[in-house]
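Chain identifiers are assigned alphabetically (A, B, ...) following the order of the sequence lines, protein sequences preceding nucleic acid strands; residue numbering begins at 1 within each chain. The basis for the numbers below is simple: all heavy atoms, side chains too, and nothing from hydrogens, waters or symmetry mates.
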There are 2 protein chains.
Amino acid sequence: MTTAQRPTLEAVARRAGVSRATVSRVVNGSTTVAESIQQAVRQAVEELGYVPNLAARSLVTQRTDSIALVLPEAATRVFSDDQVFPGIIRGAAQELEAADKQLVLMLAGSPGGHERVERYTTGRHVDGVLFASLHGEDPLPGRLARLGIPVVCSGRPLDGVEVPYVDVDHVGGVTRAVRHLIEGGRRRIATIAGPQDMVAGIERLIGYRDTVAAAGLPELVAYGDFTRESGAAAMRQLLAAYPDLDAVFAASDLMAHAALRTLREAGRRVPDEVAVIGFDDIETAAYTEPPLTTIRQPIVELGRAMTRQLLRIAGGEAVEPALLLPTELIIRDSA
Amino acid sequence: MTTAQRPTLEAVARRAGVSRATVSRVVNGSTTVAESIQQAVRQAVEELGYVPNLAARSLVTQRTDSIALVLPEAATRVFSDDQVFPGIIRGAAQELEAADKQLVLMLAGSPGGHERVERYTTGRHVDGVLFASLHGEDPLPGRLARLGIPVVCSGRPLDGVEVPYVDVDHVGGVTRAVRHLIEGGRRRIATIAGPQDMVAGIERLIGYRDTVAAAGLPELVAYGDFTRESGAAAMRQLLAAYPDLDAVFAASDLMAHAALRTLREAGRRVPDEVAVIGFDDIETAAYTEPPLTTIRQPIVELGRAMTRQLLRIAGGEAVEPALLLPTELIIRDSA
DNA sequence: TTGTAAGCGTTATCAG
DNA sequence: CTGATAACGCTTACAA
């Protein structure tokens with residue numbers, strides 16, 4: 001276990017025959033250092049394999065060069081295969097890599113986890129906090145913002161607090177999807193709505209309601225929680241309650257996938273008798289039977305946009321209170 | 001932007017009427033402090049909302065209380081919907097939460113990213129490093145280990161270096177799967193192998209080869225890279241080369257899923273004419289047409305086990321050089 | 001049991 | 001343009 005003593009600024013300074021301050025300047029790219037000295041310092045850094053001690057640096061700069069991504073979802077649901085969270089993670093990681101900052105991932109599913117996140121983030125151990133997919137009315141984003149800690153949420157915070165957020169255009173996407181159904185001649189259009197304690201669930205239902213109402217069509221609603229199991233159950237409810245339905249918009253591809261299967265089991269042909277549209281455009285959507293028509297959301301871009309906003313806030317810039325990313329209707333065979 | 005000055009140990013000490021050292025002791029749970037003083041300190045901590053500055057702490061303790069999880073995959077592939085990486089992330093997060101340590105996520109797909117990971121990890125900015133799914137012969141794990149930095153890999157490192165690793169029992173799982181096919185009367189058993197620069201791809205192919213060879217059956221091999229697209233292409237190759245095949249083992253569920261569709265398009269009935277078995281047991285596997293027989297791997301547990309090993313190493317314990325987690329054959333309808 | 005004081009490795013402020 | 005020197009907030013011998 002040779003815990004090789006890592007070289008310090010001091011060591012580099014001695015070797016290059018200059019002061020610590022000068023080495024620090026070179027390392028941090030100050031331009032006010034003579035070229036010859038820069039050379040010498042850089043060589044010493046190279047020879048000694050010097051790497052700055054971030055703890056020492058952040059102690060004096062008051063920055064940590066890391067940001068937290070909080071996934072406040074119950075741990076079991078965070079990584080269902082809808083790829084939403086992985087997509088956000090990936091987008092954030094890409095953008096942070098460019099900014100040379102670290103991504104600290106925190107799951108806040110359990111109550112203990114939530115408390116831990118609170119301690120850590122309020123303790124200013126990160127330069128900013130990204131919240132993915134709030135559940136219910138989490139007071140943490142608002143609290144952090146009030147403490148002056150940069151915060152960006154994915155989706156409008158449900159507790160009405162003024163925190164900058166980025167989201168995809170749920171309503172626009174759903175509107176296009178439902179109109180597509182109507183234009184296809186469907187008149188008994190049902191929906192499998194998402195959980196109503198999440199922005200995505202709420203907004204997608206609004207999009208459905210407004211569009212069918214505008215067309216003078218009835219609202220046929222059942223609720224799920226974005227998972228396949230819940231989608232299957234909701235589809236059965238809909239079939240029982242509205243046996244004459246001729247279309248269904250499911251608020252997630254997972255639920256749509258389950259609906260497809262449930263419809264088949266019930267002997268309904270898709271899309272001939274019942275058209276189905278999902279939301280997300282997960283990879284599997286192209287491989288369902290029949291391939292799923294769905295609304296694509298730019299999920300990686302969501303992660304990137306959130307991160308960019310956060311970095312701007314951390315940099316002292318003012319940012320738009322809300323950013324809406326476009327969604328797109330992907331037409332396959334199910335509708 | 002009221003960047004509220006956060007309270008320091010000093011402030012707490014003043015308020016409680018004791019020295020900094022005593023506060024530090026209480027905060028760090030030393031037992032050698034009088035009960036009454038502990039009370040006072042705790043109250044002061046509470047009132048001031050004191051949270052320790054981790055940078056300052058780590059500067060003196062030489063620990064960072066954070067560990068890195070490196071995903072050295074190309075960014076575009078890290079988050080395909082096979083759930084492997086999300087599963088590992090989740091397992092690591094769970095275990096680290098229990099240990100009150102932070103998870104720093106690093107993607108090392110691009111060359112620049114890889115260099116960044118190297119700088120960061122060799123710079124001892126983390127107490128240990130977890131490597132998920134090595135690609136090719138990455139020298140970094142070995143180098144870190146030599147520097148005395150705790151390292152654990154998922155899967156045996158391909159450059160033959162002696163780094164502790166945890167993996168699932170690929171060979172055992174595949175052996176059971178292929179035997180199941182043989183017992184079902186299949187005699188022309190093909191495989192869609194995974195990429196041969198990854199342990200998972202290599203080992204799963206070994207499992208197939210050994211088992212068909214032991215049964216005196218021919219090896220019918222095509223290669224993919226675990227993705228659906230590659231699986232479809234490989235399945236077409238196999239059909240062209242071995243039109244009389246009666247079973248196929250795909251080294252990933254995604255490839256198996258694509259194979260299912262390709263077979264259907266080619267007019268082969270599954271499982272009557274061709275049996276199909278996958279590997280992973282992703283959520284979608286239960287929803288394919290027909291539902292996919294596959295090998296389940298405990299992927300979250302893999303993340304947890306890796307993390308536990310790493311924490312033990314960081315704690316100075318000696319650990320087993322390798323740990324193998326059991327896999328399980330899940331029989332559905334496709335074989 | 002508690003307090004004092006010496007660092008930990010940087011950056012930043014001043015002089016020079 | 002460069003070098004002392006003082007923080008930054010905490011832990012930890014060593015004293016008391």
Between P of C:dT10 and CD of A:Glu10, the distance in whole Å: 10 Å

B:Asp100/A:Arg116 ion pair, N-O < 4.0 Å: yes

Value in whole Å for how far the P atom of C:dG9 lies from CG of A:Asn53: 7 Å

Outermost nucleotides of DNA chain D that come under 4.0 Å of a non-hydrogen atom of chain A: D:dC1 to D:dG9

Under the salt bridge (charged side-chain N to carboxylate O under 4.0 Å, His left out) test, residues paired with A:Glu301 that sit two or more places apart: A:Arg308

Any residue meeting side-chain hydrogen bond (donor to acceptor under 3.5 Å, both in side chains) with B:Glu118, in chain and number order, not counting sequence neighbours: B:Arg143

Please list each protein N or O that sits under 3.5 Å from an N or O in nucleotides 12-16 of chain C, with the distance.
none

Identified side-chain contact (heavy atoms from CB on, under 4.5 Å) partner of B:Ile89 from the options B:Val84, B:Val300, B:Leu103: B:Leu103

Contact under 4.0 Å: B:Thr22 side-chain N or O vs C:dG3 OP1/OP2: yes

A:Val117: side chain to side chain contact (heavy atoms under 4.5 Å, CB included) partners, not counting sequence neighbours: A:Val70, A:Met106, A:Ala108, A:Thr121, A:Leu140

Residues from residues 31-48 of chain A lying under 4.0 Å of DNA chain D - heavy atoms: A:Thr32, A:Val33, A:Ala34, A:Ile37

Between C1' of C:dT10 and CZ of A:Arg63, the distance in whole Å: 12 Å

Pairwise salt bridge (charged side-chain N to carboxylate O under 4.0 Å, His left out) hits with a residue in residues 61-70 of chain A, at least two apart: A:Arg63-A:Asp65, A:Asp65-A:Lys101

Polar contact flag, side-chain donor to acceptor under 3.5 angstrom, B:Asn53-A:His125: no

End axis versus end axis in the helix from C:dT1-D:dA16 to C:dG16-D:dC1, the angle rounded to 10°, five pairs used at each terminus: 40°

Whole-Å distance separating the CG atom of A:Leu54 from the P atom of C:dC8: 18 Å

Residues in side-chain hydrogen bond (donor to acceptor under 3.5 Å, both in side chains) contact with B:Thr32, at least two apart in sequence or another chain: B:Ser30

With sequence neighbours excluded, residues passing salt bridge (charged side-chain N to carboxylate O under 4.0 Å, His left out) with B:Glu47: B:Arg15

With sequence neighbours excluded, residues passing side chain to side chain contact (heavy atoms under 4.5 Å, CB included) with A:Arg312: A:Gln309, A:Glu317, A:Val319, A:Glu320

Between C1' of C:dC8 and CZ of A:Arg6, the distance in whole Å: 11 Å

Salt bridge (charged side-chain N to carboxylate O under 4.0 Å, His left out) contacts touching residues 17-44 of chain B (sequence neighbours left out): B:Glu10-B:Arg20

